[in-house]
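First comes the structure, then the notes that go with it.
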Amino acid sequence: MTRTVLLTGGAGYIGSHTFVALVEAGYSVVIVDDFSNSKPSVLTRLGRLTGLNKVEAYEGSVLDDAFMERVFNAHEFDAVVHFAAKKAVGESVSYPVDYVETNVGGLTTLLRLMDAHDVRRLVFSSSATVYGDPDIIPIPESAPRSYTSPYAFTKLMSEQILEQAAAADPAWAFGILRYFNPVGAHPSGTIGEDPSDIPNNLMPYIAKVAAGELSHLNVFGDDYDTPDGTGVRDYVHVCDLAMGHVKSLDALMASNLGHTVNLGTGIGSSVFDMLQAYSRACGKTLPHVVTDRRDGDVPVLCAEVDRARELLGFEAKRTLDEMCASSWHWIQTGAKE
Ligand code: UD1
C-alpha cells in the first residue's frame, strides 16, 4: 500500500533532496512550500529527476490555517515531514520574533491540523545547534541542550513541544532529527543549495570562490584548540541526510515509537580540510585569508552516530571529497540553468 506524506518546505535545499529519496523509497509525496527561500522551478527539476509526470505541490505558508486545512482535506496523509522554517542564525538575532512565529508557530499550526485529521506521525528537522557549546565530543543525544541564538531557541523549543505532546498523548510518534552540517548536492547536478545572497555557511561560500564570484575564503580563526586551529564540523552529504528521513519515517510507520537521533558522519573536518577537498574537486587552489573568529562559533561539533545506526539502520557513507565534487558539479551545471 502506498503511503502518502506531506512534505513542508519540499522545494528547499534539504526538502528537495528528501523528496527524491522518499519517492525512490515508494512514498507518494505532496509538497507545501511558500517559495520564500526556494524557486518554483525546483518542482520541474524534481519531476525530471524522479520521472513523475506531476509533482503534487501547493504554494502557501504553513502558518496559514485555512490554506493548510484545504491541503489536509484534499489528501489522506499517513505522515508529515516538516522542513518549512527559517534557518539563518544571524538573521534570527535581528528578527527573533519572526523566527518564533515561523518556526514554532508553523509547528503548532501543523500539530493542530494533524490532530484534527488524525495524522500522528511527524519527522521534524532539528539541528545540532540545540547542543550549544557541548562538553563531550562526539556528542551523544543525551547531552544537555541549550541555545546561543534565537534560531537555536526555536529548534530547542520545538523539540520540547514535541516531547510534551508525546508525553500527553502516546498516539503521537515523532522522529526528531538533529542535523549536523548538511552540504553537497544531488550527483545528477539537478538540485542543490542555491543561496541568492552572499552565503554565511562554509561550503556555499567556498563554492562561490571556486566559481570566481568571490575573491577568497575568510577563515574565521585559526587559533582554536583543534588540530590545525580552525573550526571542526561534522559535514554530512545532503543525500545521506535525505536517506536519514526515509529511515526515520520507515521506523515511525513500522513501530509508532518516536526517536531523537543525530544525523552526521561522526567524522570531524576542519575549515582547511574542507578548503583542500574543494580545491581537489574544482582542480585549483582556492585562496583564503585568516580573519578573526566569528561571534557565536564553537570550536568543534561532531556527532555520536551509534543511536541512528541502532534505531534506524542509518549510516552516512559519502566522503568529504564526494560532498565537494557533487557541490562543484551542481555549481557548474544545474545552478546555472
Ligand atoms: C551554522 C549555524 C547552525 C546551522 C548551520 C546550518 C552558526 C553559529 N551556526 O553552523 O546553527 O544549523 O550553520 O548549516 O551560525 N567558516 C569560515 N568561513 C566562512 C564560513 C564559515 O571559516 O566564510 C567556518 C566557521 O567558523 C565554522 C565552519 O566554517 O568553523 C562551519 O561554518 P558554517 O558552515 O557556517 O556552519 P556552522 O557554524 O557549524
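Numbering of ligands and ligand atoms starts at 1, following listing order.
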Side chain to side chain donor-acceptor pair (under 3.5 Å) for T8 and H82? Distances and angles first, verdict last. CA-CA 5 Å; T8 75; H82 179 45; 2.7 Å; yes
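- Between K317 and E322 there is no salt bridge, since none of the side-chain N atoms of the basic residue sits less than 4.0 Å from a carboxylate O of the acidic one.
- The closest protein non-hydrogen atom to atom 39 (O) of ligand 1 is R233 NE, 2.5 Å.
- With a heavy-atom cut-off of 4.0 Å, D297 touches ligand 1 through its side chain alone.
- The aromatic rings of F72 and H117 are tilted relative to each other, their planes meeting at an angle between 30° and 60°.
- Among residues at least two apart or in separate chains, ring pair (Phe, Tyr, Trp, His ring centres under 6.0 Å) pairs with a member in residues 266-312 are F272-H288.
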For a salt bridge (Lys or Arg N to Asp or Glu O under 4.0 Å) check, start with the C-alpha distance between R112 and D115, then their side-chain angles and the critical distance, and finish with the verdict. CA-CA 5 Å; R112 266 202 303 276; D115 193 26; over 6 Å; no
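- Counting only heavy atoms of the protein, atom 16 (N) of ligand 1 lies nearest to F220 CD1, 3.6 Å.
- D225 is linked by a salt bridge (charged side-chain N to carboxylate O under 4.0 Å, His left out) to nothing, counting only residues two or more places apart in sequence or in another chain.
- Residue P182 has no N or O atom closer than 3.5 Å to an N or O atom of ligand 1.
- Residue V219 has at least one heavy-atom neighbour below 4.0 Å for each of these atoms of ligand 1: 22 (O).
- In this comparison of L202, T230, T129, L217, the heavy atom closest to atom 21 (C) of ligand 1 sits on L202.
- Which of V271, V93, D234 comes nearest to atom 29 (O) of ligand 1 through a heavy atom is settled by distance: it is V271.
- For ligand 1, none of its N or O atoms has an N or O atom of G296 under 3.5 Å away.
- Ring planes of H186 and H17: tilted class, angle from 30 to 60°.
- Of all protein heavy atoms, the one closest to atom 30 (O) of ligand 1 is G231 CA, 3.5 Å.
- Residue contacts with ligand 1: R294 is placed with a nitrogen or oxygen under 3.5 Å of a nitrogen or oxygen of the ligand (distance criterion only).
- Protein heavy atom closest to atom 28 (C) of ligand 1, with residue, atom name and distance, is Y235 OH, 3.6 Å.
- Of the protein's heavy atoms, V89 CG2, 3.6 Å lies nearest to atom 7 (C) of ligand 1.
- Scanning all protein heavy atoms for the shortest distance to atom 4 (C) of ligand 1 gives Y151 CE2, 4.3 Å.
- The shortest side-chain heavy-atom distance between F67 and Y58 falls under the 4.5 Å cut-off.
- Both the backbone and the side chain of N201 come within 4.0 Å of ligand 1, judged by heavy-atom distances.
- Between the R293 side chain and the D223 main chain, a donor and an acceptor come within less than 3.5 Å of each other.
- At a heavy-atom cutoff of 4.0 Å, ligand 1 is contacted by the backbone of N218 but not by its side chain.
- Atoms of ligand 1 lying under 4.0 Å from any heavy atom of N200, numbered from 1 in the order shown and given with element: 20 (C), 35 (O).
- Judged by the shortest distance from any of its heavy atoms, Y147 lies outside the 4.0 Å radius around the atoms of ligand 1.
- When non-hydrogen atoms are compared, ligand 1 lies under 4.0 Å from neither the backbone nor the side chain of V298.
- Between H245 and Y179, a ring centre-to-centre spacing shorter than 6.0 Å is recorded.
- Residue contacts with ligand 1: Y179 is excluded, as none of its non-hydrogen atoms falls under 4.0 Å.
- For the atom pair E193 CD and S16 OG, the distance stands at 10.0 Å (nearest 0.5 Å).
- In terms of protein heavy atoms, atom 10 (O) of ligand 1 is closest to N181 ND2, 3.9 Å.
- For ligand 1, the atoms lying closer than 4.0 Å to a non-hydrogen atom of S127 are 12 (O).
- A ring-centre distance under 6.0 Å is not found for F124 and F174.
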